[in-house]
Protein chains: 2
Amino acid sequence: MTQATRRADTDRAIRAQARALLVRDGPQAVTLRAIAREMGITAPALYRYYASHDDLIEHLRADVCEDLAAELARDLAELSEDDRTGQVMAVCRGFRRWALAHPQEFVLVFASPSEATSNCPAGPNGADVPMDSFGRIFLSVAGGVLASGPLVVPQDRDVPPSLAADLTAFRGELLRVIAESGVEVPEERLGLGTAYVMLQAWVRLYGQVALEVFGQFPFPVTDPEPLFESMLADLLREVGLGEDGLHE
Amino acid sequence: MTQATRRADTDRAIRAQARALLVRDGPQAVTLRAIAREMGITAPALYRYYASHDDLIEHLRADVCEDLAAELARDLAELSEDDRTGQVMAVCRGFRRWALAHPQEFVLVFASPSEATSNCPAGPNGADVPMDSFGRIFLSVAGGVLASGPLVVPQDRDVPPSLAADLTAFRGELLRVIAESGVEVPEERLGLGTAYVMLQAWVRLYGQVALEVFGQFPFPVTDPEPLFESMLADLLREVGLGEDGLHE
DNA sequence: CGGGTGAGTAAACGGTGTTCACAAGAGCTC
DNA sequence: GAGCTCTTGTGAACACCGTTTACTCACCCG
């Protein structure tokens, strides 16, 4: 009994220490020797828990993602089940708030050019890999929106044919995750056009947040929040979600 | 005479070797010892030319940035002076191509959470800092577009009042840089709505490219290029630039 | 109680950036 | 041309890093 819990405990301690180093000194400071040093053990001991430095970093990424997901879930719990627009805004604002509060984690998870670990649901061998809980929350909110009414989306025949294959796969993944989250969405309401619009929304949300985190707006921004709220309002208006429950 | 030229020569050789390693073996292979080894000298000799490894990388980054600007300028030179849509597409595609080919420079320049190096035209002390040649090319193309005709933009009174101050400053910066590039743009054609649209275009371009570089699309993308082209076509259509000269 | 298993250690290898004292040479001055 | 200086490069060393290997030690199970 204790043999497994003790192992789990030190495993947690390792990742906690790695997390602390990440927050305190940046991604390049989270090194095996530093973790071990801070824990009072030696570096090779860590190999009892992780196959390599990269392996540990990968698990750290997953941890950070789960924390983000938990934060978003907490925000969503405070909203009415029927307030679809509010849910979308909560998730988008939560993503921004988290990214600004934890820039190092944001870099690690969302802005690291690692070929190995992307957040795609399919691994390099093509086998399915469980989507992270962060993406699942996003998609469950999207599922609720789709269940409560259609969005303003382009016709399926208007999306470029060269995207059809990938978007069809994405659509399948969407339906799968949405079904898992317990929401009923008629298949015909989630066409290629809908999948395309969701992708474009992600592009804009991600771009806006990343630009803010990295300070790469083309001019000095005195208060980035109205900028974000404006983009969010544009986004919601364009997909047909009313401006009820507007911020401020 | 030779004392300075010889120094400049080896300096060039160092950066050429660094560049070669970058291209051949990836970003983490461009190490001081590897450069020296490949050049037949020892690592400490490099400290006669650069204060540190970071310093050398920084200069390498500047080199690559200049290459990006030169690349964009070359692409633009092949187009007719009047092909505004083509110019915008060339600049956007060039930015994407460069980012994918040099992800580490992209990270350093456009995805580093350092407050120090932002691309804002105003430094930390508020003094003006010369905008990099990359931004200048972007804005000169924008100037040409605005000079040749109005865009489809929201009314100035439709942009949120909380953004007015920052957008006005951005508008002034735009007019300044555009005037420097030799293009005549009537001031009344560059209103707050136009500045806002340009900002939104940057958000989408940046978001799309960053997502691709970091592999953070929510589904496996077999060929990212059609995705980018589709986003670009959407962008051009929405701002009123026709779909003449369409790709493919 | 004894054997096996798993956690942790020490030592070592090859790699890295960086510093320092020192040698060789080019160039300038007298 | 002799001497002096200033630059350029070297070699050794230091402090890190990831990783492997052989080893110890404690604990758990039969």
Side-chain angles (χ1 to χ4, degrees), chain A residues 1-61 104 107-108 112-117, chain B residues 1-63 104-105 107-108 112 114 116:
Chain A
M1 180 71 82
T2 46
Q3 89 284 1
T5 60
R6 272 195 339 120
R7 181 179 174 83
D9 279 355
T10 59
D11 183 25
R12 251 191 307 276
I14 290 170
R15 280 189 281 188
Q17 194 54 250
R19 186 73 167 273
L21 285 168
L22 173 68
V23 171
R24 206 186 55 188
D25 302 322
Q28 92 285 5
V30 46
T31 173
L32 288 182
R33 290 189 133 101
I35 295 168
R37 198 184 311 125
E38 214 87 6
M39 292 179 66
I41 61 176
T42 62
L46 298 175
Y47 283 82
R48 298 286 176 192
Y49 299 86
Y50 299 96
S52 68
H53 179 251
D54 283 355
D55 186 34
L56 193 157
I57 295 294
E58 183 139 348
H59 281 80
L60 189 58
R61 280 173 84 127
Q104 307 284 16
V107 169
L108 181 63
S112 290
S114 60
E115 311 281 330
T117 54
Chain B
M1 179 70 82
T2 46
Q3 88 286 1
T5 61
R6 271 194 341 120
R7 181 177 175 84
D9 279 357
T10 57
D11 183 26
R12 250 190 308 276
I14 290 171
R15 280 190 280 188
Q17 194 55 250
R19 190 72 168 272
L21 285 167
L22 176 68
V23 171
R24 204 187 57 187
D25 300 324
Q28 94 284 16
V30 47
T31 174
L32 288 182
R33 291 188 132 101
I35 296 169
R37 200 184 307 127
E38 213 87 5
M39 291 177 67
I41 62 176
T42 63
L46 298 176
Y47 283 80
R48 300 291 177 190
Y49 298 86
Y50 298 96
S52 69
H53 179 252
D54 282 356
D55 185 35
L56 194 157
I57 296 294
E58 184 87 6
H59 280 81
L60 189 60
R61 176 196 67 81
D63 270 17
Q104 75 296 344
E105 281 89 344
V107 168
L108 191 56
S112 289
S114 62

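Lettering of chains follows the sequences in order, A, B, ..., and the numbering in each one begins at 1.
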Rounded to the Å, how far apart are [X] [atom1] and [N] [atom2]?
{"X": "Leu46(B)", "N": "dT8(D)", "atom1": "CG", "atom2": "P", "result": "13 Å"}
{"X": "Asp11(B)", "N": "dT8(D)", "atom1": "CG", "atom2": "P", "result": "11 Å"}
{"X": "Ile35(B)", "N": "dG17(C)", "atom1": "CD1", "atom2": "C1'", "result": "12 Å"}
{"X": "Met39(A)", "N": "dA7(C)", "atom1": "CE", "atom2": "P", "result": "13 Å"}
{"X": "Tyr50(A)", "N": "dA7(C)", "atom1": "OH", "atom2": "P", "result": "13 Å"}

Determine, for nucleotides 9-21 of chain D in 5'-to-3' order, which nucleotides have protein heavy atoms under 4.0 Å from the base (write B), from only the sugar-phosphate (write S), or from neither (write -).
BBBBB---BBBB-
Taking only residues at least two apart or on different chains, which pairs with a member in residues 27-51 of chain A satisfy salt bridge (Lys or Arg N to Asp or Glu O under 4.0 Å)?
Arg24(A)-Glu38(A)
Qualifying residues under side-chain hydrogen bond (donor to acceptor under 3.5 Å, both in side chains), relative to Thr31(A), sequence neighbours excluded
none
What residues form a side-chain hydrogen bond (donor to acceptor under 3.5 Å, both in side chains) with Arg19(B), not counting sequence neighbours?
Asp67(B)
Contacts satisfying ring-ring contact (aromatic ring centres under 6.0 Å, His included) that involve residues 23-59 of chain A (not counting sequence neighbours) are Tyr50(A)-His59(A)
Can you measure from CG (Leu56(B)) to CD1 (Ile35(B)) and round to the nearest 0.5 angstrom?
5.0 Å
With sequence neighbours left out, write down each residue that passes salt bridge (charged side-chain N to carboxylate O under 4.0 Å, His left out) with Asp9(A), or none if nothing qualifies.
Arg12(A)
